[in-house]
A.B. asks: 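Let me begin by handing over the structure; questions about it come next.
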Amino acid sequence: MTMTTPAVQPSPLVADFCAILPPECVVHDPVGLRTYECDGLTGFRVIPAVVVLPRTTAEVAACVRVCAARGVPFVARGAGTGLSGGALPVAEGVVISLQKLRRIIEIDAENRRAVLEPGVTNLAITQAAAPHGLYYAPDPSSQQVCTIGGNVAENSGGAHCLKYGFTSNHVLEVEVVLPDGSIVTLGGPGPEQAGPDLRGLFIGSEGTLGICTRVTVRLLRVPETVRTVLADFPSVEAAGRTVGDIVDASIVPAAVEMMDSLAMEAAEAAVHAGYTLDAPAALIVELDGPVEECEAQFAQITALCERNGATRIHVPGSAAERAVVWKGRKAAFAAVGRISPDYIVQDGVVPRTRLAEVLTRIAQMGAQAGLRVANVFHAGDGNLHPLVLYSEAAGELHRAEELSTQIAELCVELGGSLSGEHGIGTDKACSMPVMFSEDDLAVQLRVRSGFDPRGLSNPGKVFPTPRLCGEKPGKYRAHPLEEAGVIERL
Ligand SMILES: Cc1cc2nc3c(=O)[nH]c(=O)nc-3n(C[C@H](O)[C@H](O)[C@H](O)COP(=O)(O)OP(=O)(O)OC[C@H]3O[C@@H](n4cnc5c(N)ncnc54)[C@H](O)[C@@H]3O)c2cc1C
């Protein structure tokens, strides 16, 4: 006797997608959907109703039109490496993955530009440009897997953004599918465009204004030489002072990265980069540019390290040795998994002059919460990445989230910002009122409404909502934008 399983009727939403995409591009089985339940902020998980994998801009637009017709929210997704819950699905909503749009459309060496589909990885751009003596400057540590679409949405940075700037400084033009399914081009192939900078507005909007389907980026010439130093310091303060001294000497290194002992312990265990395990802090300082300039500034930098009591100065002798030093730094987030079962990567900015103070306060807050915090960060621009270590199995998740939020808000208190490069996402939406007034947020929401009046594109991210932040007791008062009919309460 043969048993037959009764055929499950696909939902009307799935049927709509199956009418415009082949079956392998529509994921709706429970196991397949689980793959998309979170991004790098794994404490938040939501299973979407369906995941679609369009292969062209036209298919992305068709998928968005299905969502618009049904009033269903959608979330764009690149590689899912985001650390602020930006690609967290919406329950009953659609995830639109850009993983199948992976073509490098053009490397225009003469004009130093590359035209890319959004699913191209950050590193693949530099690899494709390398034969022309060119490279793509923003270099998030996740560059082997994260996509240029995700970089655009987050305005991602990286170690070398101190000298070269963030994604926003390197993107010339973006093609965007707006939340009603129409396709627009923002920016242009040249460096400056007439009129308001809508390209700039889109970059860093975390998927809330639409889906980017094509990106034109600027490529840079590979520098003539690179010099790197790894220096250990007797204290975080001494390392911090050195960073200030370098900047005061009018030197702009390509990168200035700091790690504390806990971060080095993890990175060393994973990569054997040659870090000193009992050093309280270390700096990686890298210069690039013309040989003569680099040599002169390199001598100044090593002298400044010595003046601040550096206990070891290691100068990698070859490109391979330099790569090992960087491998440790770039692997540091993942390596923390070796010393803790779970961790949250926080991202905040403080004025460089307050680095030592913020690190002391973070250590105190960690001790109070009974949790360890490792620090690895872009010291040159005051962009911290405290890693809050915890064990979910031991019931520490809630405490870790609280501590992580307190650290982000401390950055604002010290005159900095809630995020340097990882975005606000789900993680810090509730902290936005710490940094922005109600009027500021109202204006931001109004801008968003101009692109997405129905709030279908990545809802619940960036902007605080009572649902996410916990209902506050007391009588409900309508928001001024709600009274004006610009937004509605769902
Ligand atoms: C180990 C590790 C190291 C990291 N290091 C850095 C670092 O040095 N610097 C840094 O800035 N970040 C870093 N990150 C964070 C992360 O890699 C970046 O934010 C990256 O840009 C996310 O790209 P993604 O393709 O994974 O995007 P996802 O995580 O898939 O999405 C991120 C956001 O972008 C939106 N999005 C994705 N694609 C599109 C699109 N085509 N159109 C519109 N919106 C879109 C999503 O909706 C979401 O809001 C790191 C992450 C990890 C795990």
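Note that the structure is predicted; figures quoted are calculated from it, not measured.
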A.B. asks: For Arg399, is there an ion pair with Glu402 - N to carboxylate O distance below 4.0 angstrom?
C.D. replies: no
A.B. asks: Hey, can you pull the donor-acceptor pairs under 3.5 Å for the side chains in residues 74-81, sequence neighbours left out?
C.D. replies:
from  : atom 1 : to    : atom 2 : distance (Å)
Arg77 : NH1    : Cys38 : O      : 3.0
Arg77 : NH2    : Cys38 : O      : 3.3

A.B. asks: Suppose we screen for salt bridge (Lys or Arg N to Asp or Glu O under 4.0 Å). Which residues come up paired with Asp108, at least two apart in sequence or across chains?
C.D. replies: Arg113
A.B. asks: Test your reading of the model: is there a side-chain donor-acceptor pair from Tyr275 to the backbone of Ala266, 3.5 Å cut-off?
C.D. replies: no
A.B. asks: Kindly indicate, with the supporting measurements, whether the criterion side chain to side chain donor-acceptor pair (under 3.5 Å) is fulfilled by Asn122 and Asp139.
C.D. replies: CA-CA 7 Å; Asn122 174 292; Asp139 60 339; over 6 Å; no
A.B. asks: Above 12 or not: heavy atoms from other molecules or residues under 6.0 Å from NZ of Lys327?
C.D. replies: no
A.B. asks: For side chain to side chain contact (heavy atoms under 4.5 Å, CB included), just list the numbers for Leu387 and Gln346, CA-CA rounded to whole Å, side-chain angles, deciding distance to a tenth of an Å, and then say yes or no.
C.D. replies: CA-CA 6 Å; Leu387 299 137; Gln346 190 45 276; over 6 Å; no
A.B. asks: Show the numbers, then the answer: is there a side chain to side chain contact (heavy atoms under 4.5 Å, CB included) between Glu117 and Thr56?
C.D. replies: CA-CA 9 Å; Glu117 288 189 336; Thr56 61; over 6 Å; no
A.B. asks: Residues two or more places apart in sequence or in another chain: which of them pass side chain to side chain donor-acceptor pair (under 3.5 Å) with Arg227?
C.D. replies: Glu295
A.B. asks: If the threshold is 4.0 Å, N to carboxylate O, is there a salt bridge linking Lys461 and Glu206?
C.D. replies: no
A.B. asks: Is the side chain of Asn375 donor-acceptor paired with the backbone N or O of Asp260 at a distance under 3.5 Å, no angle test?
C.D. replies: no
A.B. asks: May I ask you to decide whether Asp245 forms a salt bridge with Arg307, counting only side-chain N to carboxylate O separations under 4.0 Å?
C.D. replies: yes
A.B. asks: Taking Ser235 for the side chain and Ala238 for the main chain, is one N or O donor matched with an acceptor at less than 3.5 Å?
C.D. replies: yes
A.B. asks: Let me know which of Val52, Val27, Thr35, Leu53 forms a side-chain contact (heavy atoms from CB on, under 4.5 Å) with Ser97.
C.D. replies: Leu53
A.B. asks: Nearest 0.5 Å, what's the OG1-CG distance between Thr57 and Leu101?
C.D. replies: 6.0 Å
A.B. asks: Please check if atom CD in Glu292 has more than 12 non-hydrogen atoms from other residues, nucleotides or ligands closer than 6.0 Å.
C.D. replies: no
A.B. asks: Would you indicate whether the side-chain heavy atoms of Pro54 and Lys100 approach each other to under 4.5 Å?
C.D. replies: no
A.B. asks: Apply side chain to side chain contact (heavy atoms under 4.5 Å, CB included) to Leu219 and Ile125, showing your working.
C.D. replies: CA-CA 9 Å; Leu219 299 173; Ile125 309 170; 4.1 Å; yes
A.B. asks: Does Ala124 offer a backbone N or O that forms a donor-acceptor pair with the side chain of Thr121 under 3.5 Å?
C.D. replies: yes
A.B. asks: Please report the C-alpha distance between Ser391 and Glu396 in whole Å, then the side-chain angles of each, then the deciding distance to 0.1 Å, and finally whether the side chain to side chain donor-acceptor pair (under 3.5 Å) criterion is met.
C.D. replies: CA-CA 6 Å; Ser391 161; Glu396 293 172 347; 4.9 Å; no
A.B. asks: Is the count of non-hydrogen atoms from other residues, nucleotides or ligands lying under 6.0 Å from Arg312 atom CZ greater than 12?
C.D. replies: yes
A.B. asks: Compare all side-chain heavy atoms of Leu201 with those of Leu209 and state whether any distance is below 4.5 angstrom.
C.D. replies: yes
A.B. asks: Can a side-chain donor-acceptor contact be found between Thr185 and Glu175 if the only test is distance below 3.5 angstrom?
C.D. replies: no
A.B. asks: Atom CG in Asn458, atom CG in Leu88: separation rounded to 0.5 Å?
C.D. replies: 8.5 Å
A.B. asks: Determine, stepwise, if the pair Phe233 / Thr311 fulfils side chain to side chain contact (heavy atoms under 4.5 Å, CB included).
C.D. replies: CA-CA 6 Å; Phe233 289 88; Thr311 46; 5.8 Å; no
A.B. asks: Calculate, to the nearest 0.5 Å, the distance between atoms CD and CE belonging to Glu257 and Met259 respectively.
C.D. replies: 8.0 Å
A.B. asks: Give a yes or no on whether the backbone of Val285 and the side-chain of Thr228 come within a donor-acceptor separation of less than 3.5 Å.
C.D. replies: no
A.B. asks: Any chance the side chains of Asp347 and Ser419 put a donor and an acceptor closer than 3.5 Å?
C.D. replies: yes
A.B. asks: Applying side chain to side chain donor-acceptor pair (under 3.5 Å) to Tyr164 and Asp288, what does each step give before you reach the verdict?
C.D. replies: CA-CA 11 Å; Tyr164 293 103; Asp288 66 12; 2.8 Å; yes
A.B. asks: Measure from the side-chain N and O atoms of Arg112 to the backbone N and O of Leu134, and report whether any donor-acceptor pair falls under 3.5 Å.
C.D. replies: no
A.B. asks: May I ask you to check whether over 12 heavy atoms, not counting those of Glu413, lie within 6.0 Å of atom CD?
C.D. replies: yes
A.B. asks: Which label fits His422 and His385: parallel for a plane angle under 30°, tilted from 30 to 60°, or perpendicular past 60°?
C.D. replies: parallel
A.B. asks: Distance check, rounded to the nearest 0.5 Å: Thr242 atom OG1 versus Ile301 atom CD1?
C.D. replies: 10.5 Å
A.B. asks: Atom CE in Met258, atom CZ in Arg329: separation rounded to 0.5 Å?
C.D. replies: 12.0 Å
A.B. asks: Determine, step by step, whether Thr276 and Asp232 satisfy the side chain to side chain donor-acceptor pair (under 3.5 Å) criterion, reporting the C-alpha distance in whole Å, the side-chain angles of both residues, the deciding distance to 0.1 Å, and the verdict.
C.D. replies: CA-CA 7 Å; Thr276 313; Asp232 296 341; 2.4 Å; yes
